[in-house]
Amino acid sequence: MLFTMTSQLSAKLECVLKIAVQRAEAKAIYISDRGGNILAVHTLKAIPMEDNLSALAAGSFFATQELAKMIGEGGFQCVFHQGTNSSMYMQNLSNDMLMLVVFGAESNPGLIRLYCGQAARKVDGLFAAAEAENTNPSAQFGSMFEIDDRAQPFTRSSP
Amino acid sequence: MGFINFERKEIAFKVVYYGPALCGKTTNLEQIHTAVNPGARGELTMLSTQQDRTLFFDFLPLKSDVIKGFVPKFQLYTVPGQAIYNETRKLVLRNVDGVVFVADSQWDKMEENVESFANLERNLNLQNLSLDRMPYLLQFNKRDLPNVAPVHYMDFLLNQRTTRVPTLEAVAFEGSGVFETLNIISKLVLSNFMKQNNLAASSMPDEVCVSER
């Protein structure tokens with residue numbers, strides 16, 4: 001089904017992520033779908049190439065879910081990638097969503113897991129409530145789209 | 001499927017370039033990244049082996065301005081063509097909105113083309129998706145080589161489903177046919193999105209056939 005992110009849902013998610021970033025002392029938290037589309041984000045400092053980051057994280061995380069199945073697990077709840085200065089934490093959400101947390105040396109995996117785990121449960125609740133209301137997403141934007149049929153979606157750069 | 005973010009005024013679509021090993025999927029993305037208007041493109045991420053073969057996937061995010069008031073974002077992916085990476089291909093196909101099947105035009109690659117196309121159908125079916133309901137097109141690549149099969153023969157091999165789909169000839173490493181492929185699949189995906197959500201009657205033709213050379 002088509003997933004729609006409303007302004008209200010976006011504001012609620014932003015609020016949850018902002019609190020989680022502060023409490024967990026993280027640098028950034030992204031919520032993305034299985035395709036790596038960023039649904040919500042809160043960052044203390046902009047991270048470059050965030051579309052690429054999210055797509056790679058989603059690909060990587062859902063590849064580990066297949067690994068989990070190969071060893072008899074239904075899936076992994078979370079995955080850490082620990083670096084020297086920056087690390088990542090990825091947590092499975094319901095409905096094939098993913099929480100990606102980027103954090104530095106000022107935080108630690110325990111803190112991240114505690115506060116981001118709490119945030120993940122809240123995010124799941126918000127998505128569940130939104131899904132219950134989202135019975136006819138097309139009706140929300142029926143008259144909003146106007147496509148220029150004559151235009152090419154993409155053009156070449158000037159030589 | 002698609003995804004709409006009203007807060008960011010964005011609609012996201014996923015397009016996957018599929019095909020046998022060494023058919024030119026990555027080259028398509030490289031050429032698009034080089035040639036597209038810089039304001040429309042993100043960075044190209046490639047995960048390759050030491051031999052420059054795709055290991056996981058290549059990824060290129062693009063933005064268009066074809067919808068007034070919204071930014072359609074097209075996320076272009078390639079799959080690894082080598083047979084051993086089928087699990088990765090299944091992963092990349094998740095939530096796909098459109099497919100470009102890149103076929104290698106050389107005579108001795110016809111069997112690999114057919115196998116890869118069958119593999120695409122199987123992997124889509126595993127996810128309850130079907131080419132019957134999926135916007136896709138066929139790109140016949142490497143048309144500059146001397147030992148290529150005629151277009152009508154490739155069409156006979158690969159374009160025999162109930163609904164015939166657009167076909168394009170290409171020489172991806174020169175950029176020929178690459179942009180045309182991108183624009184047609186983008187329009188097909190947008191048209192399908194509008195139809196599925198009853199947003200407007202589509203003005204896109206059901207079948208587009210383009211020959212470049």
Side-chain angles (χ1 to χ4, degrees), chain A residues 1-11 13-14 32-41 48-56 58-67 69-70 96 134 136-159, chain B residues 1-8 10-12 14 32 34-45 47 56-57 59-62 64-70 72-75 77 87-88 90-92 94-97 179 182-183 186-187 190-191 193-194 196-200 202-204:
Chain A
M1 189 173 107
L2 178 71
F3 180 81
T4 58
M5 172 70 74
T6 61
S7 298
Q8 295 91 327
L9 176 58
S10 182
L13 288 171
E14 164 75 17
S32 72
D33 68 6
R34 195 166 191 131
N37 293 306
I38 298 173
L39 311 180
V41 57
M49 294 172 62
E50 59 181 16
D51 283 335
N52 300 56
L53 177 76
S54 180
L56 280 176
S60 159
F61 184 76
F62 290 110
T64 64
Q65 300 301 75
E66 298 304 313
L67 288 176
K69 288 175 190 166
M70 290 175 184
D96 273 353
N134 194 25
N136 184 14
S138 304
Q140 298 172 37
F141 49 80
S143 60
M144 295 178 71
F145 290 119
E146 190 180 338
I147 293 184
D148 185 352
D149 287 323
R150 291 163 300 177
Q152 294 293 348
F154 298 101
T155 55
R156 291 175 192 272
S157 58
S158 305
Chain B
M1 264 171 262
F3 155 70
I4 299 182
N5 190 328
F6 281 93
E7 184 65 18
R8 293 178 168 214
E10 290 174 351
I11 311 173
K14 180 176 186 177
I32 292 166
T34 302
V36 76
N37 190 337
R41 72 168 183 233
E43 293 302 317
L44 174 62
T45 297
L47 302 175
F56 198 8
F57 56 71
F59 174 74
L60 176 63
L62 297 175
S64 176
D65 56 3
V66 78
I67 300 179
K68 287 178 186 169
F70 272 80
K73 293 174 74 175
F74 289 85
Q75 304 196 317
Y77 288 77
E87 291 304 315
T88 308
K90 289 181 195 170
L91 274 175
V92 176
R94 293 266 170 96
N95 296 337
V96 62
D97 295 299
F179 240 76
L182 173 65
N183 276 324
S186 302
K187 285 186 172 185
L190 279 170
S191 172
F193 169 75
M194 301 295 272
Q196 282 189 336
N197 293 289
N198 300 316
L199 294 178
S202 170
S203 61
M204 278 293 294

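In this text, all values refer to a predicted model and were calculated from it rather than measured experimentally. Below, each value reflects all heavy atoms present in this structure, side chains not excepted, and no hydrogens, waters or symmetry copies. A, B, ... follow the sequence lines: proteins, then strands. Residue 1 opens every chain.
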For [X] and [Y], indicate whether the former's side chain and the latter's backbone hold a donor-acceptor pair under 3.5 Å.
X: B:N37; Y: B:A40; value: no
X: A:N52; Y: B:E43; value: yes
X: A:S54; Y: A:D51; value: no

For this session: Look at A:S10, A:A58, A:P153 and state which one has the largest set of heavy-atom pairs under 4.5 Å with chain B.
Result: A:P153
Contact part of [X] toward chain A, heavy-atom cut-off under 4.5 Å: side chain, backbone, both or neither?
X: B:Q75; answer: side chain
X: B:L44; answer: backbone
X: B:K73; answer: side chain

Exercise. In Å and rounded to the nearest 0.5 Å, what is the CG to CD1 distance from B:L62 to B:I32?
Worked result: 6.5 Å
Exercise. What part of A:L56 is in contact with chain B, defined as an atom under 4.5 angstrom from a non-hydrogen atom: side chain, backbone, both or neither?
Worked result: both
Problem set entry | Engaged part of A:E14 at the chain B interface, taking heavy atoms whose separation is under 4.5 Å | neither
For this session: Against chain A, work out which of B:P72, B:G39, B:G42, B:A35 has the most heavy-atom pairs shorter than 4.5 Å and name it.
Result: B:A35
Exercise. Are B:K14 and B:Y77 in a cation-pi contact, defined as NZ or CZ under 6.0 Å from the six-membered ring centre and within 45° of the axis?
Worked result: yes
Problem set entry | Salt-bridge present (B:R94, A:E66; N to O < 4.0 Å) | yes
